[in-house]
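Naming: A, B, ... by sequence-line order, numbering from 1 per chain. Computed over heavy atoms, backbone and side chain alike; hydrogens, waters and symmetry mates excluded.
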Amino acid sequence: MLDIQMLRNDLDAVVAKLATRKFVFDTDRFTALEQERKTVQTLNEEMKSKRNTYSKEIGVLLGQIARLSASEEFDQADFNKNQAEKLKLEVSEINAKIAYSEARLEEIERERKTLLLNVPNLPHDSVPAGKSEADNVEVRRIGTPRTFDFEIKDHTDVGAPLGLDFDTGAKLSGARFTLMKGPVARLHRALAQFMLDTQTEKHGYTECYTPYIVNDMSLLGTGQLPKFEQDLFQVSFGGTQTKAAGYDIYLKGSEDNPEDHKVAERNWYLIPTSEVTLTNTVRDEIVPLESLPIKLTAHTPCFRSEAGSYGKDTKGMIRQHQFDKVEMVQIVHPDKSYEALEEMVGHAEHILQALELPYRVVSLCTGDMGFGAAKTYDLEVWLPAQNTYREISSVSNCEAFQARRLQARFRNEQGKTELLHTLNGSGLAVGRTLVAILENHQQADGSVTIPAALRPYMGGLERISAAG
RNA sequence: GGAAGCGUGGCCGAGUGGUUGAAGGCAACAGUCUUGAAAACUGUCAAGGGUUUACGCCCUUCGUGAGUUCGAAUCUCACCGCUUCCGCCA
């Protein structure tokens, strides 16, 4: 979410920046809302102030009556009583007006919030301008793609004899699910373990185990909601959760409007990334300055509906409904976030280097960045069978965009609360790393060489093959 | 699934209808004292929003939402969360 003050004070500049991201900000609506809000809110608060003053006066008047009666000042006591009654009437009238202005104010607030929640972050000045993927800027290229003296296979063909089984995955669940069995399953596990160990032992992240199901507030905090609900899997309750309360009301024969007693619905979703859980650990928190930076990592499955990507990467395990990822999250002082961004890219790169995979680092252009990011680097790994680089990690600085939604703050040097900056990045996507290993390290005989760094996680194996 | 209890500021904890945004304590910050530190003493110390050139003033917030009332942390209802016991379960 953007800073509302910034929108008020510098609307034109904000709108121009948003335009570079292909976002059209509804300036007229915003301005109209702001204008009406100001009028209604001022009026509303004036009336409330009046109500509070009168109510206090009533309290004082009534409080005096006992004392006045005791000292037999009955006239004064009666006067107080009448005065109080008069004030009560007046407050009742004010209350009727408040009810009206309050309702209108709520409408305005709701619309403004919705408007604001759907506006993406502003790109950092260093982000290249551009419309699409094609305008991303390559920052560096590391490692040289291997030349093969045999006909190479893609990961599905390399993987099949090693236990990569899409047919069974489809039988169990449907398209975009995979069953792994035997050597490939072990390799997959080894990769995740290696990544997690590296991020904790070498790069100072704290290992976390997090829920895979989160509530809607968490997704609102990191920006997946309300705009991208179609990308998520919603979790429905199996049982009688909502029936119970409705049944209760039925039994009680209550005259109450059932709407008033509507059961709070549990809005649960599967996490699309553990960025959600790790970042939301600081939601509604004021963290002490000394605890910064907070560096968290977790290995979790990620669930994505992939709505809107029909026909894209349908073959193989590049794009799945369920995939594993080791995620890095940093929660930092605002002055340190760009330093942290570069550092995190390095942490992800370290994995690729250790696994002897050629890759390049790309700075995403304004038009290609994700909703919450102020700046994003993608790491793209070389896939020989596709003869191209494919995204395997994405590292973003969200600045205060998520923190503002999360109300995630720290106490600064002056003791004032201030919004944190949040960053997240994959370190790495496990499934796609598996793909890269299979394709880059395949051998003519159908076996796959295990990179030296990974061997301790594979019981010392130097290669895996169908033979075992 | 059944039963009981609890939810107050950064933390602990008082508060059961009227200047209570909330006693007291801890923590934090500033000052006095001290060679320095500690202790002691003194003072400051919630967040969000609105408005104002500014000092300031105002509104909201005691888990959440609704209700009763002139007035709610305090009374009523629903929901959420936590704790304990029983049942079930990995």
Side-chain angles (χ1 to χ4, degrees), chain A residues 1 3-5 7-9 33-67 80-99 101-103 105-106 108-110 112-113 116 209 211 214-218 220 237-268 282-291 403-419:
Chain A
M1 197 157 53
D3 183 1
I4 183 88
Q5 298 298 353
L7 281 164
R8 284 178 189 146
N9 299 333
L33 274 175
E34 268 297 281
Q35 232 162 38
E36 195 187 351
R37 192 219 89 235
K38 197 166 172 169
T39 321
V40 177
Q41 182 170 349
T42 308
L43 182 75
N44 195 41
E45 290 187 356
E46 270 170 17
M47 292 192 295
K48 280 185 172 176
S49 172
K50 214 178 206 177
R51 174 181 69 185
N52 291 346
T53 314
Y54 285 178
S55 287
K56 271 180 193 165
E57 272 176 42
I58 293 169
V60 173
L61 287 168
L62 294 181
Q64 285 170 350
I65 287 178
R67 205 198 56 225
N80 274 17
K81 222 176 271 176
N82 289 336
Q83 199 62 19
E85 286 308 317
K86 234 194 253 174
L87 283 173
K88 278 189 194 183
L89 262 171
E90 223 163 312
V91 175
S92 290
E93 277 167 35
I94 294 172
N95 272 337
K97 287 185 200 158
I98 290 178
S101 63
E102 188 104 320
L105 192 62
E106 266 174 41
I108 296 168
E109 286 289 341
R110 195 173 309 131
R112 186 179 73 174
K113 263 187 199 159
L116 234 52
Y209 172 85
V214 290
N215 58 36
D216 51 358
M217 286 312 288
S218 295
L220 190 92
F237 248 73
T240 53
Q241 186 68 19
T242 48
K243 233 163 91 189
Y247 189 54
D248 241 2
I249 292 165
Y250 171 73
L251 283 182
K252 263 171 57 186
S254 164
E255 297 172 0
D256 294 351
N257 181 357
E259 278 301 302
D260 298 342
H261 292 271
K262 210 167 149 193
V263 176
E265 277 171 39
R266 263 181 232 243
N267 284 321
W268 277 358
V282 291
R283 170 149 56 88
D284 294 323
E285 298 286 334
I286 301 172
V287 302
L289 191 60
E290 316 83 74
S291 64
R404 191 169 292 111
R405 291 166 165 249
L406 293 159
Q407 281 304 301
R409 294 162 294 173
F410 69 103
R411 225 169 262 289
N412 66 17
E413 292 79 352
Q414 289 78 43
K416 281 281 169 198
T417 55
E418 198 179 328
L419 292 170

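In this entry the distance linking NZ of A/Lys38 with C1' of B/G49 reads 14 Å, nearest Å. Spacing between atom CZ of A/Arg8 and atom P of B/U52 amounts to 11 Å, rounded to whole angstrom units. For the pair A/Ile98 CD1 and B/U69 C1', the interatomic distance rounds to 14 Å; values are reported in whole Å. Atom CG of A/Asp284 is separated from atom P of B/G48 by 12 Å (rounded to the nearest Å). Straight-line distance from the CD1 atom of A/Ile108 to the P atom of B/G49: 18 Å, rounded to whole Å. If you take CG of A/Leu87 and P of B/C70, they are 13 Å apart, rounded to a whole angstrom. In this structure, A/Arg283 places its CZ atom 13 Å from P of B/G81, rounding to the nearest Å. When rounded to the nearest whole Å, the span between CD of A/Glu45 and C1' of B/C57 equals 11 Å.
Taking side-chain N and O atoms only, A/Thr417 has a distance below 4.0 Å to OP1 or OP2 of B/G48. Contact annotation: A/Arg411 reaches the phosphate of B/A47 (side-chain N/O to OP1 or OP2, under 4.0 Å). Under 4.0 angstrom from either OP1 or OP2 of B/A46 there lies no side-chain N or O belonging to A/Arg409. Using a 4.0 Å cut-off, no side-chain N or O of A/Gln5 falls inside it from OP1 or OP2 of B/G48. Regarding contacts with the backbone of B/G18, every side-chain N or O of A/Ser55 stays at 4.0 angstrom or more from both OP1 and OP2.
Looking at heavy atoms from C-beta onward, A/Arg411 lies out of side-chain contact with A/Leu289 at the 4.5 angstrom threshold. Side-chain contact between A/Ile98 and A/Asn44: present, with at least one pair of heavy atoms (C-beta onward) separated by less than 4.5 Å.
B/C89 and B/G5 have their P atoms separated by 28 Å, with the value rounded to a whole Å. Comparing B/U69 with B/U76, their P atoms sit 16 Å apart, to the nearest whole Å. A distance of about 26 Å separates the P atoms of B/A73 and B/C82, rounded to the whole Å. Separating the P atom of B/C58 from that of B/G21 is a span of 12 Å, rounded to the nearest Å. To the nearest whole angstrom, the two P atoms, one in B/U16 and one in B/A4, are 25 Å apart. The C1' atoms of B/A46 and B/U20 are separated by 15 Å, rounded to the nearest whole Å. Annotation: B/G81 and B/C26 have their P atoms spaced 36 Å apart (nearest Å). B/U35 and B/A14 have their C1' atoms separated by 44 Å, given to the nearest Å.
Remark: B/U60 base-pairs with B/A47. Criterion, Watson-Crick or G-U wobble with two distances under 3.5 Å. Across all strands shown, B/A14 remains unpaired; no Watson-Crick or G-U wobble contact has both distances below 3.5 Å. Across all strands shown, B/G31 forms a Watson-Crick or G-U wobble pair with B/C41, both key distances being under 3.5 Å. Nucleotide B/G7: paired with B/C80 (Watson-Crick or G-U wobble, both distances less than 3.5 Å).
At a threshold of 4.0 angstrom between heavy atoms, the contacts of A/Glu290 with the nucleic acid are absent. A/Asn52 comes within contact range of the sugar-phosphate backbone alone, with a heavy-atom separation under 4.0 Å but no base atom that close. Heavy atoms of A/Leu62 sit under 4.0 angstrom from at least one base atom.
Taking for each of A/Gln407 and A/Lys88 the nucleotide of RNA chain B with the nearest heavy atom, the 5'-most of the two is the partner of A/Gln407. For the pair A/Ile286 and A/Ile58, both in contact range of RNA chain B, the more 5′-proximal nearest nucleotide belongs to A/Ile286.
Side-chain atoms of A/Asn95 lie closest to B/G71 of the nucleotides B/C59, B/G49, B/G71. Checking B/U51, B/G49, B/C70 against the side-chain heavy atoms of A/Arg37 singles out B/U51 as nearest.
The pair A/Lys48-A/Glu102 counts as a salt bridge, with a side-chain nitrogen and a carboxylate oxygen less than 4.0 angstrom apart. Checked for salt-bridge contact, A/Glu285 and A/Arg409 miss the test: no charged N lies under 4.0 Å from a carboxylate O. With respect to A/Arg112 and A/Glu34, a salt bridge is recorded, a charged nitrogen being found less than 4.0 Å from a carboxylate O.
For the residue pair A/Asp284 and A/Gln407, no side-chain donor N or O sits within less than 3.5 Å of a side-chain acceptor on the partner.
In this structure, A/Ser291 contributes its side chain and A/Val287 its backbone to no donor-acceptor pair below 3.5 Å.
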